[in-house]
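Chain identifiers are assigned alphabetically (A, B, ...) following the order of the sequence lines, protein sequences preceding nucleic acid strands; residue numbering begins at 1 within each chain.
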Amino acid sequence: MSNDRPTSTHWADINADKIIREKGPKEHYTCASGITPSGTVHIGNFREIISVDLVVRALRDKGEKVRFIYSWDDYDVFRKVPRNMPQQELLETYLRKPITLVPDVLGDSESYAAANEKNLEELLPVVGVKPEYIYQAAKYRNSDYAEGIKTALEHRDVIRRQLNESRTSDLPDDWYPVSVFCNKCDRDTTKVTGWDGDYGVSYTCESCGNEETVDLRKTPGVKLPWRIDWPMRWAYEGVDFEPAGKDHHSEGGSFDTARKTSKEVYGHEAPVTFQYDFISIKGRGGKISSSTGEVISLADVLEVYTPEVTRFMFAGTRPNTEFAISFDLDVLKIYEDYDKCERTYFNKPDNDKALKKWEKQARIYELSQVDEVPETMSYQIQIRYLSTLLQIFSGNVDRVIEFLGDVKPDQVDRLKARAACAWNWVKNFAPDDFTFSLRAEDASPIEVSEVETKALKLLAEKIEAHMDSCDEKEFSTHVYDVARELEIESGDFFPVVYRALIGKDKGPRLINFLYIIGKDKLLKLLGKY
RNA sequence: GGGCCGUUAGCUCAGCUGGUAGAGCAACAGACUCUUAAUCUGUGGGUCAAAGGUUCGAACCCUUUACGGCUCACCA
């Protein structure tokens, strides 16, 4: 990648420029993201990760070196047992303990947190996101943050003042900027009773009555509350950029206080940031009940959208705009938008005015790719058509490719990935009108009237006589001739044909559909009348 | 109460660093003996929420107002 690319107006590039401008020249820039794995990581959380990834790419495209870190806040407290989990009674005994100690009741991972972490970590490379993971439980339990915690204790009064500025009720005088997991029972139901001015913190546990003084350099149990933890880590890792959800970006919100703490306590200017909006879900009602607490994860999205198209939705939308990920008919449109963007990319205009529009689309296309930008276009095929083909060939992609005939070798993998998504969509989300399956060749004939029998017979004859020698348009006249010769309305004729073929009154546009099914199969299906 | 975001064609929105208002859908007209929101061609359509300001020039920058949404103030 080169430094001399034209100025881009894509938001990722604008933010990259901003980072360089505000943080000055650096050997490398640190971009951070992170969430708590205290539940299934959902697609809304993914927006943060992908947003950082896009900015990271923009920085790298400018020739900068970037460290992309992803912090798992797995030393968070287990506050509530999720409704949709088994073994509720067992899980209840872990309340107030760090989530990294809660067992994985759904699988065989080390812990509840680890299970959630693993699910996402395995999937992120699929969409081209490869951060360096930081596990906060491990860092805290290893006392890596001992100095940061000590610094917070030393600036206890400053921090209290900063937090009080945006609180309705002031923190008490005996407040300490730390929280402690009891050494005996692992719960955070503790009260800090003193600090020796150095590394010693005393506490009593309200659950088990334990009372002791621990050394920050040795204890696994002391951590910082969120609003202090965040700026401490900015300083610890030297974070230059980290976006956050709208819940953080408000006066008095956590980014606001963290900014102050970062500067005054840790001597680190807050990172460049932006606010990203929420993601909503469309077209999944009925399938997944929201009342069960089930959330839509990246894995769910990837069932229906290819990695490129998934990236495309995020790269093509400004972060502070709310948008919906659809599972209904909008899926067709999203794929069409992506294909249009791709065609644009491969058809660079030669006049300046068109070039300006082209550059924006081209940038979105580049950022949508999982790895490097392909040298050739994908096989352009609408999901609508692809799903018809798949249904005729019972989901067998190889036969679809064989039928299409003109798929180039370097397009096969991408087409297969798209077909897998299309097939999932047809099976799980497509409206009933959209789905069909061809009747088996040995199925018993449907019940038809005398004139309908004649119609099907005559259609078979037309197919036998003309299908091979006509193009679709020409052949269509022969099909209409059937209705005309028997003096039945086409509105009555079509449903019979569909019933004989797929057992429904409606189906894909008939002429094209007949060609896809092919002469041999048609004659077998219609031959029994 | 504070903050953030939004208000552009009938609908959904683009328009990102000030330079002749755009797309998709809808509508309308035409074509096709044609049902997966069917396809193709063409047309019409906006006081850019309102008012004021800066500027040679404002949808875009500033101020105020109205309406809508979100968010913070307990925890993360």
S.K.: Compare side-chain N and O positions of A/S38 against OP1 and OP2 of B/A76 and report whether any pair is under 4.0 Å apart.
M.R.: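 Checking B/A76 against A/S38, no side-chain N or O comes under 4.0 Å of OP1 or OP2.
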S.K.: Just wondering, are more than 12 heavy atoms of other shown residues or ligands nearer than 6.0 Å to NZ in A/K457?
M.R.: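 Not buried by this count: 12 neighbours or fewer within 6.0 Å.
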S.K.: How many whole angstroms separate atom CD of A/E242 from atom P of B/A76?
M.R.: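 Rounding to the nearest Å, CD of A/E242 and P of B/A76 are 16 Å apart.
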S.K.: Under 4.0 Å from OP1 or OP2 of B/A38: is there any side-chain N or O of A/R509 that close?
M.R.: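 For B/A38, neither OP1 nor OP2 has a side-chain N or O of A/R509 closer than 4.0 Å.
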S.K.: Using a 4.0 Å heavy-atom cut-off, does A/D73 contact any base of the nucleic acid, only the sugar-phosphate backbone, or nothing at all?
M.R.: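 If one applies the 4.0 Å heavy-atom cut-off, A/D73 turns out to touch the sugar-phosphate alone, with no base involved.
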S.K.: When we call it a touch if two heavy atoms are under 4.0 Å apart, what does A/S166 touch: a base, just sugar-phosphate, or nothing?
M.R.: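 Sugar-phosphate only.
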S.K.: Might you confirm whether atom NZ of A/K23 has over 12 heavy atoms from other residues, nucleotides or ligands at distances under 6.0 Å?
M.R.: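 Buried by this count: over 12 neighbours within 6.0 Å.
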S.K.: Write down the distance between NZ (A/K340) and P (B/C25), rounded to a whole number of angstrom.
M.R.: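 In whole Å, B/C25 P and A/K340 NZ are 9 Å from each other.
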S.K.: Identify which nucleotide among B/C70, B/G3, B/A76 has an atom closest to any side-chain atom of A/S254, counting heavy atoms from C-beta outward.
M.R.: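 Closest nucleotide among those given: B/A76.
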S.K.: Which base sits across from B/G3 as a Watson-Crick or G-U pair, both distances under 3.5 Å?
M.R.: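 Base partner found: B/C70.
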S.K.: Could you tell me how far apart A/F312 (CZ) and B/A14 (P) are, to the nearest whole angstrom?
M.R.: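 Roughly 14 Å, once rounded to whole Å.
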S.K.: Give none if B/G45 has no partner; otherwise give the nucleotide forming a Watson-Crick or G-U wobble pair with it, both distances under 3.5 Å.
M.R.: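 Because no pair has both required distances under 3.5 Å, B/G45 counts as unpaired.
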S.K.: For the side chain of A/T321 and the base of B/G6, is some donor closer than 3.5 Å to an acceptor across the two?
M.R.: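 A donor-acceptor contact between them is absent.
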S.K.: Would one find more than 12 heavy atoms of other residues, nucleotides or ligands at under 6.0 Å from atom NZ of A/K504?
M.R.: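 For A/K504, atom NZ is crowded (more than 12 foreign heavy atoms under 6.0 Å).
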S.K.: Regarding A/I511, tell me which of base, sugar-phosphate or nothing describes its non-hydrogen contacts under 4.0 Å with the strands shown.
M.R.: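 A/I511: no heavy atom of the nucleic acid under 4.0 Å.
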S.K.: Give the rounded distance in Å between these two atoms: NZ of A/K462 and P of B/U33.
M.R.: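 Roughly 17 Å, once rounded to whole Å.
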S.K.: Base, sugar-phosphate, or nothing: which does A/G507 touch, judged by heavy atoms less than 4.0 Å apart?
M.R.: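 Answer is base: heavy atoms of A/G507 come under 4.0 Å of a base.
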S.K.: Tell me yes or no: between the side chains of A/R96 and A/T189, is some donor less than 3.5 Å from an acceptor?
M.R.: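 No donor-acceptor contact under 3.5 Å links the two side chains.
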S.K.: Any idea how A/F393 and A/F403 line up, ring-wise: parallel (<30°), tilted (30 to 60°), or perpendicular (>60°)?
M.R.: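 Because their plane-to-plane angle lies in the 30° to 60° range, the rings of A/F393 and A/F403 count as tilted.
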S.K.: From the list B/U36, B/G15, B/U35, which nucleotide is the closest neighbour of the side chain of A/P508?
M.R.: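 Ranking B/U36, B/G15, B/U35 by closest atom to the A/P508 side chain puts B/U36 first.
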S.K.: Under the 3.5 Å rule, do the base of B/C16 and the side chain of A/K360 count as making a donor-acceptor pair?
M.R.: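 Indeed, a donor on one side and an acceptor on the other fall under 3.5 Å apart.
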S.K.: Indicate whether OP1 or OP2 belonging to B/C75 is found under 4.0 Å from a side-chain N or O atom of A/R167.
M.R.: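 Indeed, a polar side-chain atom of A/R167 lies that close.
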S.K.: Starting at CG of A/L332 and ending at P of B/U36, how long is that distance when rounded to a whole Å?
M.R.: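 These atoms are roughly 13 Å apart.
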S.K.: Please classify the nucleic acid contact of A/Q275 as base, sugar-phosphate, or nothing, using heavy-atom distances under 4.0 Å.
M.R.: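 Sugar-phosphate contact only.
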S.K.: Is there a side-chain polar atom (N or O) of A/R227 under 4.0 Å from OP1 or OP2 of B/A73?
M.R.: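 For B/A73, OP1/OP2 do have a side-chain N/O of A/R227 under 4.0 Å.
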S.K.: Kindly say if A/R384 contacts the phosphate of B/A38, meaning a side-chain N or O under 4.0 Å from OP1 or OP2.
M.R.: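 No, no such contact exists.
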S.K.: Taking the same atom, C1', in B/U20 and in B/C48, what whole-Å distance lies between them?
M.R.: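 Approximately 15 Å lies between the C1' atom of B/U20 and that of B/C48.
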